[in-house]
There are 2 protein chains.
Amino acid sequence: MFDIDNMTASSPGISTSCVNISAVERDTGLSKDTLRAWERRYGFPNPSRDSNGERVYPAEQLEKLRIIRRLIDSGLRPGNVVSEPLDVLYARMQTLPSSVPRTEGEFTAADDAFRLLKLHRLVELRQLLSHSLMRLGLQRFVLDVVAPLNELVGNGWIEGRIEIFEEHLYAEQIQQLLRHAIGTMPGDGSGPRILLTTLPGEQHKLGLLMAEACLSVEAAHCISLGVQTPVWDIVQAARAHHADIVALSYSQATPFNTVCANLANLRGELDAAVELWCGGSFWQTARRTVPGVKAIATLAEIPAALATWRREHSACSAAQ
Amino acid sequence: MFDIDNMTASSPGISTSCVNISAVERDTGLSKDTLRAWERRYGFPNPSRDSNGERVYPAEQLEKLRIIRRLIDSGLRPGNVVSEPLDVLYARMQTLPSSVPRTEGEFTAADDAFRLLKLHRLVELRQLLSHSLMRLGLQRFVLDVVAPLNELVGNGWIEGRIEIFEEHLYAEQIQQLLRHAIGTMPGDGSGPRILLTTLPGEQHKLGLLMAEACLSVEAAHCISLGVQTPVWDIVQAARAHHADIVALSYSQATPFNTVCANLANLRGELDAAVELWCGGSFWQTARRTVPGVKAIATLAEIPAALATWRREHSACSAAQ
DNA sequence: AATCCATTTTTGTCCAAGACAAATTTAATT
DNA sequence: AATTAAATTTGTCTTGGACAAAAATGGATT
C-alpha cells in the first residue's frame with residue numbers, strides 16, 4: 001500500500017509540499033467552502049488531486065493564499081486579487097496605507113524594539129521593554145510603546161516583513177511583561193469588579209491584556225477569563241463573581257455586524273445593572289452604536305470611563 | 001419580512017434559543033460535516049429550518065451536543081450516545097472512570113484549590129496557590145499541585161461539574177502564577193537553548209507552561225513561541241535562535257497518528273543536530289516510538305532528560 | 001486467559017454543483 | 001453632493017453520495 005502523492009511530495013527536500021484542504025483552512029483561516037468557491041470562480045487555488053480525488057495543495061499555493069489573505073484583511077476584494085499573479089500581489093502590498101498614528105517622542109522605543117525583534121536579539125529586547133516599563137510606568141508603557149509596537153508587528157505581518165514565529169515570540173514577551181506587572185500590583189478591592197474576556201472566534205489576547213493593564217493601574221478589580229468565552233459563560237461568570245462591568249475586546253479584523261449582533265445578544269442576557277464595555281479599534285470607523293453598550297475606542301479612554309463609572313456609582317449608593 | 005423561528009425562539013426570556021450551524025460548530029467543536037452526518041445517521045441533532053431552508057438549532061440541542069461531546073471525549077462512541085435521550089446521557093456521565101492517580105500527601109492542596117474554584121473564591125484561591133508555590137518550590141508545585149489540579153478541572157469539565165468559564169478562570173490563575181515564577185528566575189544562559197511550542201490545532205497552553213517551568217528550574221534557556229506554531233515557522237525559529245532542543249507539547253486529546261505524522265515531518269525539516277522532544281500524557285499508552293524524537297511521558301522526567309543532554313553535550317564538546 | 005490477525009462496522013471528512021442573502025459597488029435620480 | 005435603487009460580488013449553506021482511517025468483532029494460536 002503506497003501513496004503516490006506522498007512520494008512526489010518529498011521531491012526537493014521539502015516534505016510539507018502537499019497538504020489537504022483541512023490543513024489549508026487551518027493555516028490560512030479561509031474556510032473549506034471559501035477555498036472551493038474561489039477555485040470554482042477565480043481558478044485559484046488550483047490544487048492537484050490524490051488517488052482518492054481529494055484536493056492536494058502545493059506549498060506555493062498555500063503561501064500565495066496567505067498573501068491574498070493579508071491583502072483582503074487590509075481591505076481589498078477577493079475578485080481583484082485571487083486570480084492575480086504573485087508579482088502583482090507583491091506590488092500591491094507596497095501600496096497599502098500604513099496606518100500607524102504615532103505620538104512623537106516615544107516612537108523610538110517601539111522602533112528599537114521592532115528592530116531587536118527582527119534581529120532575534122531576545123535578551124536585549126526584553127531588557128529594552130522592561131526598562132521602558134520601569135521608566136514610563138505601566139500606563140504610559142502600554143499606550144506609548146506596546147500599542148505602536150503592536151501596530152508595527154501587525155503591519156509587518158500584513159506586509160510580509162514579519163514571520164509568524166516572530167509574531168508569536170513578540171506576543172509571548174509582551175505577555176510575560178504585562179502579566180508580571182499586573183501581578184505585582186496590590187489591588188485593594190475598592191474599585192469596580194470588571195470581567196474581561198473576548199467572544200468565541202476572537203483570539204487576540206494582547207488587546208485584552210493591555211486593557212487589563214490599563215484597568216489595573218486605575219485600581220479596578222480585574223477578573224480575566226482569557227480569550228474565547230461563550231456568551232452564556234460570560235453571563236454565568238458575571239453573576240458568580242458579582243461583576244460591575246463586563247469588558248470585551250475585539251480586534252479590527254472582526255466584521256462589524258458580527259460584533260453588533262454579539263453585543264446585542266450579550267446585553268440582553270446580562271443583568272441590567274451590569275455595564276457592558278466594548279473596546280476595539282474598529283469603533284473609530286463605526287457607523288452606529290449599540291444601545292446599552294459603552295464603546296471604548298482607544299485604551300486612552302479607559303481612565304475617563306472608569307472615572308465616570310465611579311462618579312455615577314458613588315452618587316447611586318449615596319442616593320440609596 | 002418576519003422570521004417565524006426567531007419569534008418562537010424568544011419565548012421564555014432566552015434570546016439565544018436558536019443558532020445556526022456555524023455557531024454550533026464554534027460552541028461544540030463539532031464540524032459542520034459531522035453535525036450533518038449525525039443528523040443523517042442518528043436523527044440527532046434535529047434542527048428546525050428557517051425561511052431559507054437552513055438549519056436552526058434550539059438551545060436544548062446545543063446543550064445536549066455539549067454533553068455528547070464530553071462523553072465522546074472520554075472514550076464513548078457516537079453511535080452509542082448521540083441518539084440516546086438526555087437522562088440516559090446524564091446517567092452515563094456518573095459511570096465514567098475517574099483517572100486521577102494522585103501522590104499521597106499533596107493531594108489536599110489540589111482538592112482545596114478545586115473547592116475554592118467552584119466556590120468562586122478567587123482571592124483565596126490565588127493565596128492558596130501562591131502559598132503552595134512558595135512552600136514547595138516551583139518544581140514540586142507543578143508536579144504535585146498543578147498537574148493533579150489540571151486533571152481535576154479537566155475531569156470536572158467532562159463530567160459537567162465545571163463550567164467553561166470556571167475552566168477559563170482556572171487557566172488564567174495558573175498562567176499568572178507560573179509566568180510570574182518563571183519570569184523571576186535569573187537564567188544565566190549556561191543551559192541548553194530550548195524552543196517551546198505546540199503545533200497548529202493544539203491549544204492547550206497550560207501543558208506548555210508547566211513544561212517551561214520545569215525546564216527553567218533546571219537552568220535551561222527557554223524560548224517559548226506560545227501555542228499553534230506552523231511547522232515551517234518552528235524550523236525557522238529554531239535556526240534563528242540557535243536552539244539546541246525543540247520541545248513540543250500535546251494534550252491527550254490529539255489522535256496518535258496525527259502526532260506521529262507531524263513529528264516525522266518536523267524531524268525531517270529540522271537540522272540533525274537539533275534534538276526534538278515531545279511531551280504529552282499519550283506516551284503512556286503509546287504503541288510505537290518515532291525515530292529521532294525523544295518521548296517525555298511525564299513532567300517528572302524532565303530533569304533526567306536534561307541531565308542526559310548535558311552529559312552528552314559536554315562529552316561532545318570535549319571530544320571536539 | 002492472553003496475544004495476534006483478518007474482517008466488518010463505525011465515523012469523520014471530502015466532493016460537486018447549486019442556491020441565496022448580506023455586503024459592496026455601480027448607476028441613476030433628486 | 002447626497003440619496004436611492006439596481007446590479008454585482010462573495011461567503012456560507014444545502015443535498016446525497018463516497019471513501020479511508022479507526023475501532024470493534026470474531027476467530028485462531030500461543
Side-chain angles (χ1 to χ4, degrees), chain A residues 1-6 19-26 28-42 44-45 47-57 68-69 71-73 75-83 201 253-261 285 287-288, chain B residues 1 3 5-6 18-26 28-45 47-57 65 68-69 71-73 75-83 201 253-261 282 285 287-288:
Chain A
M1 189 111 64
F2 58 95
D3 191 341
I4 292 176
D5 301 277
N6 270 339
V19 292
N20 63 9
I21 196 169
S22 283
V24 176
E25 176 182 43
R26 212 182 42 200
T28 64
L30 301 165
S31 78
K32 298 185 185 87
D33 278 323
T34 301
L35 289 167
R36 295 197 197 102
W38 284 5
E39 186 179 340
R40 213 186 318 159
R41 288 171 186 156
Y42 316 119
F44 186 89
S48 51
R49 302 301 179 114
D50 67 4
S51 55
N52 194 30
E54 301 189 354
R55 290 172 175 79
V56 177
Y57 296 81
I68 290 171
R69 180 71 206 276
L71 289 169
I72 290 174
D73 277 351
L76 297 186
R77 303 197 68 187
N80 299 328
V81 287
V82 174
S83 51
T254 324
F256 189 71
N257 278 14
T258 311
V259 178
C260 288
T285 58
R287 292 160 288 273
R288 56 182 157 134
Chain B
M1 189 111 63
D3 191 340
D5 300 278
N6 271 339
C18 288
V19 291
N20 63 7
I21 196 170
S22 283
V24 177
E25 176 181 45
R26 213 183 41 201
T28 64
L30 301 164
S31 78
K32 299 186 184 88
D33 278 323
T34 301
L35 288 166
R36 295 196 196 102
W38 284 6
E39 185 179 340
R40 213 185 318 159
R41 289 171 184 156
Y42 315 120
F44 185 88
S48 53
R49 302 299 178 115
D50 67 4
S51 55
N52 194 29
E54 301 189 353
R55 291 172 175 78
V56 176
Y57 296 82
L65 283 172
I68 290 171
R69 179 74 206 275
L71 289 169
I72 290 174
D73 277 351
L76 297 185
R77 304 199 65 186
N80 298 327
V81 288
V82 174
S83 51
T254 323
F256 187 72
N257 279 15
T258 311
V259 179
C260 288
F282 63 91
T285 58
R287 291 160 288 273
R288 57 181 156 134

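Bear in mind the structure is a predicted one, so any value in this text is a computation, not a measurement.
- In this structure, CZ of Arg69(A) is placed 13 Å from C1' of dG11(D), rounded to the nearest angstrom.
- Distance Asp50(B) CG to dA19(C) P: 17 Å, rounded to the nearest Å.
- By the side chain to side chain donor-acceptor pair (under 3.5 Å) test, Ser83(B) pairs with no residue at all, sequence neighbours left out.
- Between Val82(B) and Phe44(B), the closest heavy-atom pair is CG1-O, 3.4 Å.
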message = For a side-chain contact (heavy atoms from CB on, under 4.5 Å) check, start with the C-alpha distance between Ile21(A) and Tyr57(A), then their side-chain angles and the critical distance, and finish with the verdict.
response = CA-CA 7 Å; Ile21(A) 196 169; Tyr57(A) 296 81; 3.7 Å; yes
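- For dC19(D), the OP1/OP2 oxygens have no side-chain nitrogen or oxygen of Asn52(A) closer than 4.0 Å.
- The salt bridge (charged side-chain N to carboxylate O under 4.0 Å, His left out) test applied to Arg36(A) returns Asp33(A), not counting sequence neighbours.
- Under the rule for a side chain to side chain contact (heavy atoms under 4.5 Å, CB included), the partners of Arg69(B) that lie at least two apart in sequence or sit in another chain are Leu30(B), Asp73(B).
- Comparing the start and finish of the helix from dA1(C)-dT30(D) to dT30(C)-dA1(D), five pairs each, the helix axis swings through 30°, to the nearest 10 degrees.
- The two residues Pro45(A) and Leu35(A) have their closest heavy-atom pair at CD-O, 4.1 Å.
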Counting primed atoms, P, OP1 and OP2 as sugar-phosphate and everything else as base, the B/S/- map of nucleotides 6-16 of chain C against protein heavy atoms under 4.0 Å is ----SBBBBSS
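- Taking the charged nitrogens against the carboxylate oxygens, Lys32(A) and Glu25(B) have no contact shorter than 4.0 Å, which rules out a salt bridge.
- In this structure Glu54(A) satisfies the salt bridge (charged side-chain N to carboxylate O under 4.0 Å, His left out) test with no other residue, sequence neighbours excluded.
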